[in-house]
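A short write-up of the structure that comes next.
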Amino acid sequence: MIKTPRGTKDVLPSESYKWQYLEKKFKEVTDLFNYKELRTPIFESTEVFSRSIGEETDIVNKEMYTFNDRSDSSLTLRPEMTAALVRSAIENSLTNTAGVQRLWYFGPFFRYERPQKGRFRQFHQFGVECLSSPNPDSDVEVLHLADKLIKEIGISEYTLFINSIGNKASREKYNNVLVQYFNENKDKLSENSKERLDKNPLRILDSKSPDDIALLDDAPKISDSLDEESQLHYNQVKEKLTSLGIKFMENHKLVRGLDYYSHTVFEFQSNLLGAQDSFGGGGRYNELFSQLGGKDVPAVGFAMGVERLLIILEESGKFDNIEEQIDLYIVKATKDDSVIYNLISKLRDNGVILNYDLLDKNFKGQFKEANRVNAKWTMIIGDDEISNNKLTIKNMKSGEQSEIDFENILKFNFKD
RNA sequence: GCGGAAGUAGCUCAGUCGGUAGAGCAUCAGUUUGUGGAUCUGAACGUCGCGGGUUCAAGCCCCGUCUUUCGCCCCA
């Protein structure tokens with residue numbers, strides 16, 4: 001039997017309504033904030049990601065689906081959206097117009113990782129990006145949208161963690177202080193973090209190793225390295241979040257894995273997810289546009305893992321007791337199809353959701369089928385009904401049955 | 001990429017000391033013509049993940065492999 005490749009899965013008919021539910025909410029909430037959808041190709045030139053995410057990150061180093069096409073161009077299945085979106089914004093001159101650009105996206109992404117709960121090789125992200133504003137107000141708008149969305153889809157147990165990693169100068173200053181501290185204590189660092197010390201020292205901050213955690217108590221904090229501009233930005237973000245009534249916790253150890261972040265970084269966490277406890281995250285990226293060959297454009301955004309949202313919703317019982325119904329099941333008891341098909345066509349024109357037998361089931365079998373598809377009503381069309389010019393309709397919940405004239409059938413309410 | 005656990009009917013799972021596989025749920029059928037759900041009776045349903053090996057004999061033991069899962073790593 002041929003199976004889906006490792007780390008991928010089918011969304012089955014019995015599950016797809018959950019995805020449609022989320023997609024509907026994405027649309028509703030982004031409409032509320034006047035964000036517009038941007039769709040980009042599933043694959044991009046490899047350099048879109050290699051030049052932006054960071055050469056030393058695992059994503060670029062070992063997780064990208066990179067291949068050469070038949071004309072030897074190096075292409076990569078997109079592992080994330082922000083870099084692709086910035087590529088598109090530059091290519092299409094989106095930021096050359098006045099004002100800010102409010103964008104959202106939803107779609108599949110690809111990383112060659114070892115699958116686990118909430119971690120797949122093809123996974124889906126929903127996200128938004130707000131381009132062209134350096135103001136803390138745009139950080140806050142994006143956070144407001146994210147927080148609103150999470151509440152709208154029915155997640156109540158979660159925590160928003162925020163931090164600032166400052167502008168470039170502050171970050172470089174902190175990087176030096178931190179590297180110095182860890183070098184002085186290198187023998188106490190975990191093996192993993194010794195490597196991180198060379199590649200991405202900030203990542204040591206969110207290490208899970210007890211050795212590192214002990215060391216971090218006395219480590220210099222990034223807040224002490226923030227310059228005036230960075231501090232002002234961060235403080236305003238916090239004040240405005242408070243004014244909006246958005247709950248957050250500061251976590252000075254929160255950093256992000258991708259190289260392009262600056263100033264505000266944040267993460268939404270749920271304890272229903274196990275090791276992959278983060279279901280959304282993002283931050284500001286003021287230097288990404290210029291890294292990808294554009295002008296300096298400040299921007300901020302976030303992404304959410306859709307599979308992780310689904311896990312949270314499923315585990316919190318959001319989809320329990322979902323009952324799918326159809327309005328009507330037509331029970332055929334005549335060979336005279338013409339009357340039936342004429343009626344079916346008119347009923348569907350009137351918006352009645354209906355099914356009927358396609359398997360030549362007998363009378364009893366058709367009722368069983370009506371029951372299985374959870375029909376609110378059944379309608380019997382037999383030779384008796386046709387000769388009497390009447391139809392028999394039955395309410396499947398109460399079991400009550402009555403007759404109705406042919407010409408009145410379109411006025412009947414099958415929805416209740 | 002590293003370490004642990006698991007894979008048996010459509011689903012959830014039993015399967016003892018190695019002796020050719022079972023339950024519940026679901027499915028299908030049930031005293032001649034047009035009435036579903038509950039109960040009862042019966043039936044059907046298996047490449048025991050896949051491939052090797054040991055053995056008279058393997059779901060069970062050994063090796064490999066694939067997939068899932070829990071951590072590490074990474075990240076949404």
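Hydrogens, waters and symmetry mates are skipped; everything else that's a heavy atom, side chains included, is used. In what follows, every chain begins at residue 1, and chains take the letters A, B, ... in the order their sequences are listed.
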task = Taking only the side-chain nitrogens and oxygens of R196(A), find out if one of them lies under 4.0 Å from OP1 or OP2 of C74(B).
result = yes
query = Within less than 4.0 Å of OP1 or OP2 of U68(B), is there a side-chain N or O belonging to R6(A)?
reply = yes
Nucleotide nearest N371(A) (side chain, heavy atoms from C-beta), chosen from G37(B), C70(B), G34(B) = G37(B)
key: Spacing of K364(A) atom NZ relative to A29(B) atom P, expressed in whole Å   = 9 Å
message = Taking the basic N atoms (NZ, or NE/NH1/NH2) and the acidic carboxylate oxygens, is any pair closer than 4.0 Å for R119(A) and E63(A)?
response = no
ask   = Has F123(A) got its ring stacked on the base of A76(B), with centres under 5.5 Å and planes less than 30° apart?
value = yes
message = Let's see if you can work this out: which of U35(B), A76(B), C73(B) has an atom nearest to the side-chain heavy atoms of R308(A)?
response = A76(B)
request  = Answer with base, sugar-phosphate or nothing: what part of the nucleic acid does Q401(A) contact at a heavy-atom distance below 4.0 Å?
outcome  = base
request  = Using a 4.0 Å heavy-atom cut-off across all strands, classify Q116(A) as base, sugar-phosphate, or nothing.
outcome  = base
request  = State whether the side chain of S193(A) and the backbone N or O of I204(A) hold a donor-acceptor pair below 3.5 Å, judged by distance alone.
outcome  = no
task = Would you please indicate if the ring centroids of Y65(A) and F67(A) are separated by under 6.0 Å?
result = no
query = So, for F33(A) and W104(A), is the gap between ring centers shorter than 6.0 Å?
reply = no
inquiry  = For a quick check of understanding: with a heavy-atom distance under 4.0 Å over all strands, which category does G282(A) fall into, base, sugar-phosphate or nothing?
reply    = nothing
message = Any side-chain N or O of R111(A) below 4.0 angstrom from OP1/OP2 of C73(B)?
response = no
key: Sugar-phosphate, base or nothing in reach of G281(A), heavy atoms under 4.0 Å   = sugar-phosphate
